[in-house]
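Note that the structure is predicted; figures quoted are calculated from it, not measured.
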Amino acid sequence: MTLEHAVFKGLAEDGGLYMPRTIPRLPQAFIANLKAMSLHDIAYAIANYAFQGDVEASVLHQLVNDTLNYDIPVCHIDGDKYVMELFHGPTMAYKDVGAQFMGGLLKHYMTRMGIDKTVNILVPTSGDTGGAVAGGFHNVPGVKVWVLYPQDSISYMQEAQFASLGGNVQAVEVNGTFDDCKRLVEQAFMDADLNRQMMLTSATSINVARIVPQTIYYFWAYASLMRMGKKADNLVFSVPCANLGNLVSGLVAQQMGLPVKRFVAVENENSIFYNYMNTGVFKPRPSAGSIAPALDVGHPTNFERIVDITGSVENARKCIHAMAYTDQQIIDTMNSVYSQYGYILDPHSAFAYRGLCDDIQPGETGVSLATAHPAKFSTQVEMAIGHEIEVPAQLRSFLSGTRQVVSISSGYTSFKQLLLE
């Protein structure tokens with residue numbers, strides 16, 4: 001399939017996920033020169049290598065300029081441990097990078113193909129994806145965004161970021177779990193009758209155009225450390241994991257030549273990937289709620305991509321260490337990091353930092369991924385650190401809109417009827 005087809009379809013016709021046939025290896029000279037390059041220069045080069053000429057240079061330059069128009073700071077916390085803040089984009093979550101890039105690419109293809117019918121983007125979200133995708137496509141002609149989210153399972157701030165937009169964005173509250181939301185979307189893609197009547201695509205991490213841009217900030221972290229004069233030969237990344245898309249992007253960066261010693265994959269008590277890494281058996285189950293709702297996944301979609309990259313659980317264990325923690329351990333982590341260093345972590349980022357602290361070895365440099373601004377989870381954060389935190393004006397603006405939501409059951413019939421109506 002062409003990249004254009006993969007981006008538009010999101011999910012393959014047989015229900016599988018698209019992957020590049022090959023992952024190109026970057027020249028060693030390019031890696032050595034990263035510290036002298038800007039974020040935009042790195043982003044363009046990585047995307048160009050990854051897409052292997054499938055996207056015109058002028059289009060890629062524009063995508064990079066439109067997507068990465070904010071800082072991605074790498075902050076020193078203690079010793080050889082750092083936090084990369086991925087939450088300075090328009091919706092203050094790491095998914096802004098992948099969603100905005102994928103959105104721009106989809107718009108480019110729509111224009112080039114002269115599509116004259118509505119493109120329906122189906123977005124199951126456990127919180128941040130919904131806001132990032134909805135923001136990227138709000139009021140874009142010819143596009144309708146359907147954001148499906150589990151009832152009573154995301155923060156008020158997260159819901160406001162897409163439910164208050166109106167226009168071409170429809171919030172759909174599902175009486176079920178995030179896994180139910182994913183299932184509804186997957187059933188829609190497999191429904192031949194529905195696809196004859198509507199043009200469907202997805203902007204979640206099942207879409208390969210979400211995976212590629214997320215590799216960029218792994219290279220940027222390496223470049224930032226080198227500019228600080230830090231030795232990054234034994235580099236370890238700690239990643240909060242749910243649907244595993246962010247971890248896949250890191251593994252792709254490693255395959256492209258980024259010198260990463262290993263990844264720490266950190267989950268909550270749902271721990272599906274953790275159990276696989278320990279037993280060799282992938283066994284999905286219904287997800288349970290936690291202090292970090294974006295990690296509440298019982299069937300991580302991108303697991304198949306990890307198998308495709310690593311080949312076996314034995315190979316996966318060579319480059320990934322898996323960890324899992326309880327809510328109380330994460331509350332303790334948020335409290336201790338704030339007490340000792342004055343640094344505020346949101347619950348998801350706290351999972352990653354706890355995993356890094358427990359896994360890093362002498363002589364290694366560790367980068368923990370901070371995936372959301374703490375104010376998006378102010379209730380949990382304030383409970384953990386013991387006082388109020390400031391909500392940025394960027395987030396407060398979402399709270400002034402009127403919430404527009406349709407509620408449905410977790411059955412496919414009700415979702416299909418909603419789409420057709």
Side-chain angles (χ1 to χ4, degrees), residues 9-19 95 98 122-130 133 146-154 172-191 200 202-208 210-211 214 239-251 263 265-310 312-313 316 320 322-325 348 351 371 408-412 415:
K9 293 298 295 182
L11 198 66
E13 282 78 358
D14 63 357
L17 302 180
Y18 287 114
M19 279 290 282
K95 294 184 180 180
L122 310 184
V123 187
T125 185
S126 53
D128 288 329
T129 299
V133 175
W146 305 83
V147 182
L148 289 75
Y149 65 104
Q151 187 178 48
D152 301 326
S153 295
I154 67 174
V172 182
E173 185 182 56
V174 177
N175 184 15
T177 65
F178 172 62
D179 292 309
D180 291 321
C181 298
K182 288 199 303 175
R183 175 180 50 78
L184 291 176
V185 168
E186 288 164 3
Q187 285 182 273
F189 285 135
M190 296 296 105
D191 187 331
L200 305 179
S202 178
T204 67
S205 60
I206 67 171
N207 198 307
V208 70
R210 275 278 307 276
I211 298 298
Q214 290 177 179
V239 186
C241 290
N243 236 8
L244 301 176
N246 215 357
L247 181 60
V248 168
S249 295
L251 290 169
F263 298 89
V266 191
E267 293 176 290
N268 59 15
E269 290 181 275
N270 286 289
S271 61
I272 305 299
F273 187 67
Y274 172 83
N275 292 337
Y276 164 74
M277 292 291 284
N278 280 280
T279 66
V281 178
F282 180 63
K283 190 175 180 181
R285 62 172 184 266
S287 59
S290 76
I291 193 174
L295 304 187
D296 297 342
V297 175
H299 192 161
T301 309
N302 283 285
F303 172 75
E304 302 295 347
R305 284 185 169 128
I306 291 178
V307 173
D308 183 65
I309 292 170
T310 61
S312 68
V313 67
I320 306 169
M323 316 286 280
Y325 296 102
H348 307 80
F351 271 93
T371 54
I408 64 171
S409 71
S410 59
Y412 177 64
F415 179 50

Checklist line | side-chain contact (heavy atoms from CB on, under 4.5 Å) assessment of Phe351 paired with Thr371 | finding: CA-CA 10 Å; Phe351 271 93; Thr371 54; over 6 Å; no
Closest heavy-atom contact between [X] and [Y]?
X      : Y      : value
Tyr149 : Cys181 : C-SG, 3.6 Å
Thr125 : Gly130 : OG1-N, 3.0 Å
Asn268 : Ala292 : ND2-O, 4.0 Å

Next item on the list: Begin with the C-alpha distance, continue with both residues' side-chain angles, and end with the deciding distance and a verdict on side-chain contact (heavy atoms from CB on, under 4.5 Å) for Arg285 and Ile272.
Entry: CA-CA 8 Å; Arg285 62 172 184 266; Ile272 305 299; 3.7 Å; yes
Item checked: Leu244 and Val297: CA distance, side-chain angles, deciding distance, side-chain contact (heavy atoms from CB on, under 4.5 Å) verdict -> CA-CA 10 Å; Leu244 301 176; Val297 175; over 6 Å; no
Notebook entry, point to check: Would the His299 and Phe282 ring centres measure less than 6.0 Å apart?
Noted result: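 Yes, ring centres under 6.0 Å apart.
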Notebook entry, point to check: Leu11 versus Met190: any side-chain heavy-atom pair under 4.5 Å?
Noted result: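 A side-chain contact exists here, since the closest heavy-atom pair is under 4.5 Å.
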Margin query: Walk me through whether Asp296 and Asn270 qualify under side-chain contact (heavy atoms from CB on, under 4.5 Å).
Written below: CA-CA 7 Å; Asp296 297 342; Asn270 286 289; 3.6 Å; yes
Margin query: With a 3.5 Å distance limit and no angle check, can you tell me whether Asn243 reaches the backbone of Gly245 through a side-chain donor-acceptor pair?
Written below: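 Judged by distance alone, no pair lies under 3.5 Å.
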Checklist line | Ser202 and Asn207 side chains, donor-acceptor separation under 3.5 Å | finding: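 Note: Asn207 and Ser202 side chains miss the donor-acceptor criterion.
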Notebook entry, point to check: Hey, what's the ring geometry for Tyr276 with Phe303, parallel, tilted or perpendicular (30° and 60° as the breaks)?
Noted result: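 Judged by the thresholds at 30° and 60°, the geometry between Tyr276 and Phe303 is perpendicular.
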Item checked: Approximate separation, where rounding is to 0.5 Å, of Ser205 OG and Leu17 CG ->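 If I round to the nearest 0.5 Å, the distance is 8.5 Å.
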Next item on the list: Please name all residues satisfying side chain to side chain contact (heavy atoms under 4.5 Å, CB included) with Thr177, sequence neighbours left out, ordered by chain then number.
Entry: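 If we apply the side chain to side chain contact (heavy atoms under 4.5 Å, CB included) test to Thr177, skipping adjacent residues, the hits are Asp179, Asp180, Ser287.
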